[in-house]
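Only a predicted model underlies this, so the values are computations on that prediction, with no experimental measurement involved. Residue numbering restarts at 1 for every chain, and letters A, B, ... go by the order of the sequence lines. Heavy-atom basis, side chains included; hydrogens, waters and symmetry copies ignored.
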Amino acid sequence: MSEKPFSRPSIHDVKPIAVPKIGHWIGGVVLAILALVLVQVLVTNKNMQWGVVAAHMFSPAILAGLGMTLLLTALAMVLGLAIGVLLAIMRLSASSVFQAVSWGWIWFFRGVPPLVQMIFWYNLALLLPEISLGIPFGGPKLVSWNTNELINPFSAAIMGLAFTESAYAAEMIRAGIQAVNAGQTEAAATLGMTRGQTLRRIVLPQALRIVIPPIGNDTISMLKFTSLVSVLALPDLLYSAQMIYARTYQTVPLLLVATIWYLVLTTILTAVEHAIEHRLKSEDRAGSGKRAGFLPFRLFARQQEAL
Amino acid sequence: MNDVMNDPVRGEPLLKVERLRKSFGTHEVLRGIDVAVMRGDVTCIVGPSGSGKSTLLRCLNYLERPTGGAIFLNGEPVGVRWKGERLYEMSFNELARQRQRMGMVFQGFHLFPHKTVLENVIEAPVLVKRVARAAAVEEAMVLLERVGMKQRASYYPAQLSGGQQQRAAIARSLAMKPDVMLFDEPTSALDPQLVGEVLAVMRQLADDGMTMVVVTHEMGFARDVADHLIFMDGGVVVEEGRPADVLTRPQHDRTRAFLARVLAA
Ligand SMILES: Nc1ncnc2c1ncn2[C@@H]1O[C@H](COP(=O)(O)OP(=O)(O)O)[C@@H](O)[C@H]1O
Ligand SMILES: [Mg+2]
């Protein structure tokens with residue numbers, strides 16, 4: 001029936017021609033043009049004042065602010081995770097008092113924005129002029145402090161950030177602990193380990209491994225949340241930039257300095273997070289490799305030895 | 001401490017179970033069990049699935065709290081303690097001390113996945129018995145040699161076959177130098193070609209004089225290794241005795257039916 005005989009090559013010798021992706025082509029061209037326009041605006045717009053940006057990028061005030069941002073992030077994460085572990089354990093305990101206290105804490109600190117908390121903690125003296133340790137309900141006091149001496153912008157900021165993190169971490173860690181096989185606890189019990197030993201050496205190291213990826217996420221969020229402390233006039237990265245442009249009116253370039261630094265830090269953290277996750281994933285494939293590193297496990301093990 | 005039963009008398013059972021009962025809610029799983037395990041003996045427990053074998057084993061070291069009856073290890077009550085004429089429940093930490101004397105091997109191995117084989121074995125001696133790390137490592141390597149796992153000491157559980165994991169788990173239990181080893185279907189989760197290597201280790205352990213209580217479906221092992229065979233069904237001991245007697249001349253219909261089924265398989 002065919003009018004003309006073809007001289008086709010063998011089907012085994014040729015590759016089929018791909019279905020044309022016209023949508024990709026049109027969309028790609030449009031987006032590429034838009035991106036070029038954006039770059040052009042960024043580079044050529046005089047208001048960006050790239051010279052000013054360069055001049056302040058490594059100025060002592062900005063670097064000090066950068067240090068403060070990193071310190072706040074690290075401290076808030078460490079404190080938040082520590083409280084989170086405690087809350088998770090309380091939440092899983094058999095005691096309904098522990099459960100209720102943990103539930104209440106998580107409910108409160110997950111519900112109140114960190115910015116509101118920081119302002120509130122900073123003004124704690126208005127509510128409690130004095131903080132003391134002693135017998136409650138009118139009993140004698142052993143030690144007491146003037147609240148205004150305890151609360152400064154730094155401690156108020158740390159509380160606001162760490163308490164918020166603790167509420168989120170608690171839920172993650174609780175899920176992590178529950179994901180650890182019940183057989184692990186039983187095996188530890190039959191070896192004569194106490195509850196505390198089992199938790200510290202067997203359950204928590206495994207639970208924390210499970211929650212490494214979400215903790216990485218939280219760290220990146222925390223880095224950005226620290227910029228809230230500028231309301232307390234705490235000289236972090238953002239507030240340091242703000243102090244400079246309040247004086248020099250170079251608002252845009254100094255905001256750019258802060259933006260670039262935030263991007264650099266989040267990029268580094270993301271890369272670290274990906275590296276760890278990649279490591280974990282390749283180790284999860286059972287039996288892979290002769291002596292896979294188990295990096296996080298070794299890290300945890302070392303941490304555990306130190307306890 | 002306060003009890004004449006405390007001194008192990010020659011001829012007294014190492015492990016004694018009296019009128020043991022266990023219910024989950026209204027479901028009575030163990031309905032009055034009496035068992036005596038002599039020092040150095042291998043006791044095998046067989047019976048259909050759901051007959052309460054695992055529950056019995058788990059009651060022995062108080063992973064499950066019995067609802068009635070008593071257990072004695074070396075004449076000392078397990079899980080409870082006398083103070084004068086009153087009987088008190090043990091706290092978890094007191095229990096932990098008692099559990100050191102009963103090793104347990106699970107169907108699912110339950111090695112600690114975040115630790116190497118060696119770390120699995122030395123963990124409890126170092127943490128619980130406060131053995132110096134170097135000494136614990138030395139003893140662990142001897143044990144790993146015994147179970148044929150010395151070459152794999154630095155491997156993580158995920159890198160091992162089921163048979164290797166189970167042999168490591170046996171070494172981990174032995175490291176606490178228990179008076180008795182409890183095995184709950186130690187080969188049931190293994191590929192058929194890996195069963196032999198684990199049974200071989202257990203045979204050797206029996207030859208070395210370890211007191212063992214083994215729940216198993218391996219009738220060959222029970223026949224060759226056990227000194228005492230117990231057939232359980234419906235939460236009671238239906239029949240017990242020397243393996244040769246129970247296996248070749250069962251006295252009860254239920255035993256006969258069970259044996260016909262497992263030996264045919
Ligand atoms: N934790 C538990 N809660 C409720 N029922 C249980 C529990 N453990 C075991 N059982 C029940 O007890 C019975 C005996 O179980 P088990 O001791 O595991 O038997 P076996 O080991 O002989 O197969 C089964 O009916 C099982 O469903
Ligand atoms: Mg069972």
Side-chain angles (χ1 to χ4, degrees), chain A residues 89 93-95 176-177 179-212 276 279-307, chain B residues 57-58 60-64 91-116 119-129 133 152-162 164-165 169 172-178 181-182 184 189:
Chain A
I89 293 168
S93 96
S95 150
I177 289 176
V180 175
N181 189 327
Q184 293 289 308
T185 315
E186 293 193 343
T190 61
L191 290 168
M193 291 190 204
T194 63
R195 283 217 174 94
Q197 289 169 334
T198 305
L199 191 68
R200 199 158 48 79
R201 302 279 309 179
I202 307 302
V203 175
L204 277 184
Q206 293 184 57
L208 289 179
R209 181 180 196 252
I210 295 170
V211 297
I212 282 175
I276 292 176
R279 192 82 188 238
L280 287 177
K281 233 177 256 159
S282 62
E283 281 166 11
D284 273 344
R285 272 177 243 122
S288 70
K290 272 274 164 49
R291 299 188 46 173
F294 273 76
L295 168 73
F297 276 180
R298 272 197 264 115
L299 289 179
F300 277 130
R302 218 165 291 144
Q303 228 167 282
Q304 296 292 319
E305 305 292 355
L307 287 178
Chain B
L57 225 53
R58 293 164 58 80
L60 293 183
N61 57 11
Y62 259 63
L63 285 182
E64 303 283 359
S91 71
F92 191 95
N93 289 0
E94 285 175 286
L95 261 181
R97 210 165 311 132
Q98 221 165 28
R99 285 184 177 132
Q100 295 174 30
R101 290 153 58 191
M102 289 183 267
M104 186 156 188
V105 174
F106 301 87
Q107 184 175 342
F109 329 132
H110 300 325
L111 286 176
F112 306 131
H114 57 305
K115 294 177 184 294
T116 63
E119 288 164 352
N120 264 276
V121 177
I122 64 170
E123 178 69 21
V126 170
L127 189 68
V128 177
K129 284 191 167 173
R133 205 186 145 86
R152 299 277 189 279
S154 59
Y155 282 50
Y156 283 90
Q159 301 168 303
L160 301 173
S161 74
Q164 292 170 330
Q165 289 189 54
R172 177 178 69 175
S173 278
L174 290 175
M176 289 301 280
K177 304 196 172 81
M181 287 280 284
L182 313 174
D184 190 3

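The distance from the CD atom of B/E123 to the CD1 atom of A/I202 is 5.0 Å, given to the nearest 0.5 Å. Put simply, NZ on B/K115 and CD on A/Q206 are 9.0 Å apart, with the number rounded to the nearest 0.5 Å. In this structure, the separation between CZ on B/R172 and OG1 on A/T190 is 6.5 Å, given to the nearest 0.5 Å.
Neither the backbone nor the side chain of B/L95 comes within contact range of chain A; no heavy atom of the residue lies under 4.5 Å from a heavy atom of that chain. The contact between B/F112 and chain A is made by backbone and side chain atoms together, counting heavy-atom distances below 4.5 Å. Contacts between B/R58 and chain A at a heavy-atom distance below 4.5 Å involve the side chain alone, from C-beta outward.
By the side chain to side chain donor-acceptor pair (under 3.5 Å) test, B/K177 pairs with B/E139, sequence neighbours left out. Take A/Q197 and apply the side chain to side chain contact (heavy atoms under 4.5 Å, CB included) test, not counting sequence neighbours, and it matches A/M193, A/T194, A/R200, B/L127, B/V128, B/R130.
A donor-acceptor distance shorter than 3.5 angstrom exists from the side chain of B/H114 to the backbone of A/R201, with no hydrogens or angles considered.
Heavy-atom pairs under 4.5 Å with chain A were tallied for B/R99, B/M176, B/M104, B/Q100; the largest tally goes to B/R99. Chain A forms the most heavy-atom pairs under 4.5 Å with one residue out of B/A124, B/S161, B/P157, and that residue is B/A124. Each of B/L63, B/V105, B/T116 has some count of heavy-atom pairs under 4.5 Å with chain A, and the biggest count is that of B/L63.
The shortest heavy-atom contact between A/Q184 and B/P113 is OE1-CD, 3.4 Å.
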